[in-house]
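Let me begin by presenting the structure, written as structure tokens, before commenting on it.
Within every chain, numbering begins at 1; the chains are lettered A, B, ... in the order of the sequence lines, protein sequences first and strands thereafter.
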Amino acid sequence: MATNCKDYTPADIEAHWQEYWEKHKTFKAVDFSDNPKFYILDMFPYPSGTGLHVGHPLGYIGTDIFARYKRMRNVNVLHPMGFDAFGLPAEQFAVEHGVHPRVTTEKNIENMVRQLKRLGLSYDWDRAVATTDVNYYRWTQWIFLQLYHSWFDPMENRARPIDDLVKMLGQEECFVTRTGEIVRSRDKTARDKQGGILTWASLSDREKNEALAHHRLAYLAEVPVNWCPALGTVLANEEVTNDGRSERGNFPVHQRPLKQWMLRITAYAQRLEKDLDLVDWPQPIKLMQHNWIGRSDGALVRFTIRHGEAAPPREAPSDTEVSVFTTRPDTLFGATYMVLAPENPLVETITTPEQRDAVAAYREQAAARTDLERQAETRIKTGVFTGAYAINPVNDEPIPVWVADYVLMGYGTGAIMAVPAHDERDFEFARQFSLPIRPVVMPDDCWLRTQAPKEHVTPEDTETLRRLYTDKPAAFPEAFTGRGTNLNSVNQDIDLNGLPTDEARHKITNWLESKGLGNAQTQYKLRDWLFSRQRYWGEPFPILHGPGGEIVPVDEQDLPVELPEMEDFRPHGSDDPDAPPQPPLGRAPDSWRFVELDGVRYERELNTMPQWAGSCWYYLRFCDPHNSERFAGKEAERYWMQGQNAEGPVPTGGVDLYVGGAEHAVLHLLYARFWHKVLYDLGHVSSPEPFRRLFNQGYIQAYYYEDERGIRVPADQVVDQDGKSAEQVQDAPDRRFFYEGRPVTQHYGKMGKSLKNAVAPDDVCEEYGADALRTYLMFLGPLEAMKTWNTQGIEGVSRFLKRIWREIVDREGNRGSKIRETAEQNPETLRLLNETIKKVGEDIEEMRFNTAISQMMIFVNHLQKCDSIARDTANALVRLLAPFAPHLAEELWARLGETPSVTSAPWPEYDPSRLEAETVKVVFQINGKYRGDAEVAKNADRETVLAAAREQPRVAAHLEGKTVRKVIYVPGKILNIVAS
RNA sequence: GCCCGUGUAACCCAACUGGCAGAGGUAGUGGACUUAAAAUCCAUUCAGUGCGGGUUCGAAUCCCGCCACGGGUACCA
């Protein structure tokens, strides 16, 4: 079974065993088994045209080691791989190369599969899927229909079929309000608030559909979106960088209203946030999702616009009401003005004729500015008075209503009550426009002292400071935004004075509620997910548009809606941000575009789904990738995704270990959780969360080089002043670098195509073998850390692997004479072996592969010094090595005379009694300083050790003439004598 | 600005839950083997843990205040 190499020749050995694995389907995952299961998943890659670089497989190798280890532990492992092949990167590549994306995608996938197989990764390739397979995206479309046919029931806090809602409306268990909201009959406040309700029977079909659209989880809406003219498409919030450019390609993005498909992810905000508690994820990722969801608790407060003598807005209807959201209802008495976002439609209603022109000009100006421009303008606040006044409900005081772009339409109600004394932004604005600042929270003394204006008082005089703050808060450089004690907060009905912030908040909220002036409210930063793209290379929506604008979902039976073949699939990008979007599918043949049903001609939806759609559920497809009846068989899904795994029962369920980059923290990982929860609510999947344990691997970084124009040059062709390749001397001091004879400068960054510093795994495999590359990548440092690639360093692990070979195989290629059939004779070898088994196993469990490898190196270095090695010892070593360097391990396993394959050999067990030596070294310290050491019996008591210490002349000398005050003995480690 | 993470030898990385800072690897130096080189083997140099305080018998590890780098976020009321 083994090859007949005499020396360690990775190329032959690796090819041989890869063929063996493929032929024997060694890594086939079987559904259902008496053994415990374990689902280990990698974030699948985009099949880009340039193929893999050594940074890509970092995580894949980690999971592979884990998977191989688990198999040896008799676990039924699911370890699949697939390709996320739709979307912008694949399409951009196709556009650049002038080939159809399907052709390039297939070619790229083929190349990546070859590269991955070359690394000896133990995937069950029979389960491989690409999101672009018709048999795959048919189910992506199916899931979209599930979303379309569902609504989120806030009472039950879960998604339900929309038919349930129709039924409830029909039976008058709930009603539609004039604003399109759905209320339960018993919910009296909501009914009053919404200005009356309508019965379902009284609505026309059109009205019914519109009402339902307000509740479907997938809906079409005209909303301000991120429009990227250069890419010819709109983008999700998550796809726009913080300087207002597209994450893909770094093109400018503009805000503009467009009619688009949206997914109601906001309905799940609360559960997406709360269920983070259920999963075992890195804290920073949880935090990022937490921040992105952005929960804040506060109150909704209703203000009325006054129509009295103060400043009556003439044409305003008498019942104009503005709700604002605030997290600090306790500062309501300090609200001295109100601000509406420029886009707020209420602005039109309330603006007085005198102010109309100024307001219109301001709104126009605000609309013309992109987010980028808004940011560039160093935060100087702008705004215009509307002429209207709102009545502060706590004191009936009229406060001016302004329009300003520091208030965003997309958050809360697009309106705020401004409390300049206790909010930085309001403070700045109030100063800018000389609006009153009224303090209602007394800061703590510490704040007063540090913020005190020097010229006014001595900071020690707290009384004066307090008086100053009460009289003239604007004298302080900043607003006080912390917690304190209320003041100036009293009316006939309620008194907050003297209350600490939290109590005041509580009290005022209750008061508002009892008066019908407001209510407690929770807001989220999360927005609904913009789901349409004006691109060709994506999943078509299973949606038809009727002649009267009605929306008709494609029947489940008629899926898939296949992407039509098209000659010209290019997006028609534009420099003009106002040009209408032109989805490429608009140029599809009429036979595709139009569908006739019952004599009516419908047009297909011309947008496609975004990149993230396919990756939202691929982990489910892997459970049962060839199922043509369902996205995955119920039983298979339950087996792999639910409850029990190799580590015991897990209520959360989900993928047992998911490894990938942190860059997907708020995109893929949030979207996938959302889809999963919908499917869970509808009873299609069995676990509340998709990914139970998540692990983020770090990046591979590398040096890159730029010439004097700042153009990057290929790093592998850079040399130093002595003509040595930069790769060889990258860390050496005093190097100057040249490319084609011209000087270049050295920089450092994430390995990749754009920095021209990619190192292909193929080249490294060629020279050192896949086993060396695998082991080296893991040896570089902790998997989660960022690491620098240095080709030189691979020598170390390469030598290590060769050393193992030489310990076991002789020059003729036979089992070495050093290997003995007898049991292990050397007690030190035995101890070290047990220690190594323990450490390697534990380290793999904790994904600490670097230290596992170090331990094996220590052990091999030891074996090299021994005269003989028991066959059992060699056998155990090979098994420990197998997850890391599987080809070499297979070969040695065969040469030791074992039956292939080592992949199914049992993982070695260690004997805890063998771990410790008979004696241990104890260090003697006097006053914490090293003064000697000695070997003592492992369980020697304190007195014995102290006596041993005193015997040492050096210890005795240091104790000379001193009184021993204290003796600290840490058994087996240290004895510290405190003396003076 | 705010939040998170990381700083140990020329370089990559270890150090159990506070117990001799050094396991492993790279590079360097010296030597063995060799006609020579490669490969291999043996030996060996190099830091007091980013900076400043504190707690402790004892701090890389815990606490406080800074600095540098990396990532996230940015008027979210």
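- In this structure, the nucleotide among B:A23, B:A27, B:G19 sitting nearest to the side chain of A:Gln792 is B:A27.
- Checking the phosphate oxygens (OP1, OP2) of B:G25, a side-chain nitrogen or oxygen of A:Asn861 falls inside 4.0 Å.
- Residue A:Leu783 contributes atom CG, which lies 18 Å from atom P of B:C12 at whole-angstrom precision.
- Using N1 to N3 plus N6-O4 or O6-N4 for Watson-Crick, or N1-O2 and O6-N3 for G-U wobble, each under 3.5 Å, B:C62 pairs with B:G54.
- Side-chain atoms of A:Leu287 lie closest to B:C3 of the nucleotides B:A77, B:C3, B:G72.
- The same atom, C1', is picked in B:C13 and in B:U55; the two are 30 Å apart, to the nearest Å.
- Looking at heavy-atom distances under 4.0 Å, A:Gln864 makes contact with sugar-phosphate atoms alone, never a base.
- The side chain of A:Arg803 lies closest to B:C41, out of B:C41, B:C20, B:C13.
- Nearest-nucleotide mapping onto RNA chain B: of A:Met857 and A:Gln283, the residue sitting toward the 5' end is A:Gln283.
- Whole-Å rounding puts the A:Arg811 CZ to B:A39 P distance at 15 Å.
- Separating the OH atom in A:Tyr362 from the CG atom in A:Asp405 is a distance of 3.5 Å, to the nearest 0.5 Å.
- The aromatic rings of A:Phe433 and A:Phe429 sit tilted, their planes meeting at an angle between 30° and 60°.
- A close approach under 4.0 Å does not occur between any side-chain nitrogen or oxygen of A:Arg848 and OP1 or OP2 of B:A14.
- Although no hydrogens or angles enter the test, the distance criterion places a donor-acceptor pair under 3.5 Å between the side chain of A:Thr326 and the main chain of A:Arg328.
- Around CZ of A:Arg848, the count of heavy atoms belonging to other residues, nucleotides or ligands within 6.0 Å exceeds 12.
- Heavy atoms of A:Asp426 sit nowhere under 4.0 angstrom from any nucleic acid atom.
- Separation of the C1' atoms belonging to B:A15 and B:G31 is 32 Å when rounded to the nearest angstrom.
- Among the nucleotides B:G70, B:A77, B:G24, the one closest to any side-chain atom of A:Thr326 is B:A77.
- Counting heavy-atom neighbours within 6.0 Å of A:Glu424 CD, excluding the residue itself, gives a total of 12 or less.
- Remark: B:A68 base-pairs with B:U6. Criterion, Watson-Crick or G-U wobble with two distances under 3.5 Å.
- Across all strands, A:Asn850 comes closer than 4.0 Å only to sugar-phosphate atoms, never to a base (heavy-atom distances).
- Each of B:G25, B:G19, B:U40 was ranked by its minimum atom distance to the side chain of A:Val970; first place goes to B:G19.
- Across the protein-nucleic acid pair, A:Leu777 atom CG and B:U26 atom P stand 16 Å apart, rounded to whole Å.
- One interatomic measurement links the two molecules: CD1 of A:Ile293 to C1' of B:U73, which rounds to 15 Å at whole-angstrom precision.
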- Go through the steps for A:Leu526 and A:Ile265 under the test side chain to side chain contact (heavy atoms under 4.5 Å, CB included), then give the verdict. CA-CA 8 Å; A:Leu526 185 70; A:Ile265 191 172; 4.1 Å; yes
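- Within the nucleic acid shown, A:Ile858 comes within 4.0 Å of sugar-phosphate atoms alone, with no base atom in reach, counting heavy atoms only.
- Partner A:Tyr776 forms a ring-ring contact (aromatic ring centres under 6.0 Å, His included) with one of A:Trp789, A:Phe884, A:Phe800 and no other, that one being A:Trp789.
- Taking atom C1' in both B:C67 and B:G30, one finds a spacing of 41 Å when rounded to whole Å.
- Proximity note for A:Val978 (side chain, C-beta onward) versus B:C12, B:C57, B:A77: the nearest is B:C57.
- Rounded to whole Å, the separation between the P atoms of B:C63 and B:A27 comes to 39 Å.
- Annotation: cation-pi pair A:Lys802/A:Tyr8 absent, no NZ/CZ under 6.0 Å from the ring centroid and within 45° of its normal.
- In this structure, of B:C12, B:G24, B:U40, it is B:C12 that holds the atom nearest to the side chain of A:Leu780.
- Comparing B:C4, B:C57, B:A77 by their nearest atom to the side chain of A:Ile416 picks out B:A77.
- Spacing between atom NZ of A:Lys787 and atom P of B:G25 amounts to 19 Å, rounded to whole angstrom units.
- Comparing B:G25, B:G19, B:C41 against the side chain of A:Ile968 picks out B:G19 as the nearest.
- Here B:G72 presents its P atom at 13 Å from CG of A:Asn696, a figure rounded to the nearest Å.
- Position along RNA chain B of the nearest nucleotide to A:Met409 versus A:Pro284 favours A:Pro284 as the more 5'-ward residue.
- Side-chain proximity of A:Gln925 to the nucleotides B:U26, B:G19, B:C57 is greatest for B:G19.
- One N or O donor and one acceptor, one from the side chain of A:Lys381 and one from the base of B:C75, sit under 3.5 Å apart.
- Remark: B:A32 base-pairs with B:U40. Criterion, Watson-Crick or G-U wobble with two distances under 3.5 Å.
- Searching all strands for a Watson-Crick or G-U wobble partner of B:U17 with both distances below 3.5 Å returns nothing.
- For B:C13, neither phosphate oxygen OP1 nor OP2 lies less than 4.0 angstrom from any side-chain nitrogen or oxygen of A:Thr851.
- Salt bridge status for A:Glu835 with A:Lys838: absent, with no side-chain N to carboxylate O gap under 4.0 Å.
- One atom, CD of A:Glu478, and another, P of B:C2, lie 11 Å apart when rounded to the nearest Å.
- Rounded to the nearest Å, the gap between the C1' atom of B:U26 and that of B:U45 is 15 Å.
- The side chain of A:Asn790 places no N or O atom within less than 4.0 Å of a non-bridging phosphate oxygen (OP1 or OP2) of B:C11.
- In this entry the distance linking CH2 of A:Trp292 with C1' of B:A74 reads 11 Å, nearest Å.
- Remark: A:Arg799 is in phosphate contact with B:U26, judged by side-chain N or O atoms under 4.0 Å from OP1 or OP2.
- In this structure, B:G65 is classed as anti because its glycosidic torsion departs from zero by more than 90°.
- Here, B:U40 and B:G58 have their P atoms 48 Å apart, quoted to the whole Å.
- Across B:G5 and B:C62, the matching P atoms stand 12 Å from one another, rounded to whole Å.
- Straight-line distance between the C1' atoms of B:C57 and B:U44: roughly 36 Å, to the nearest whole Å.
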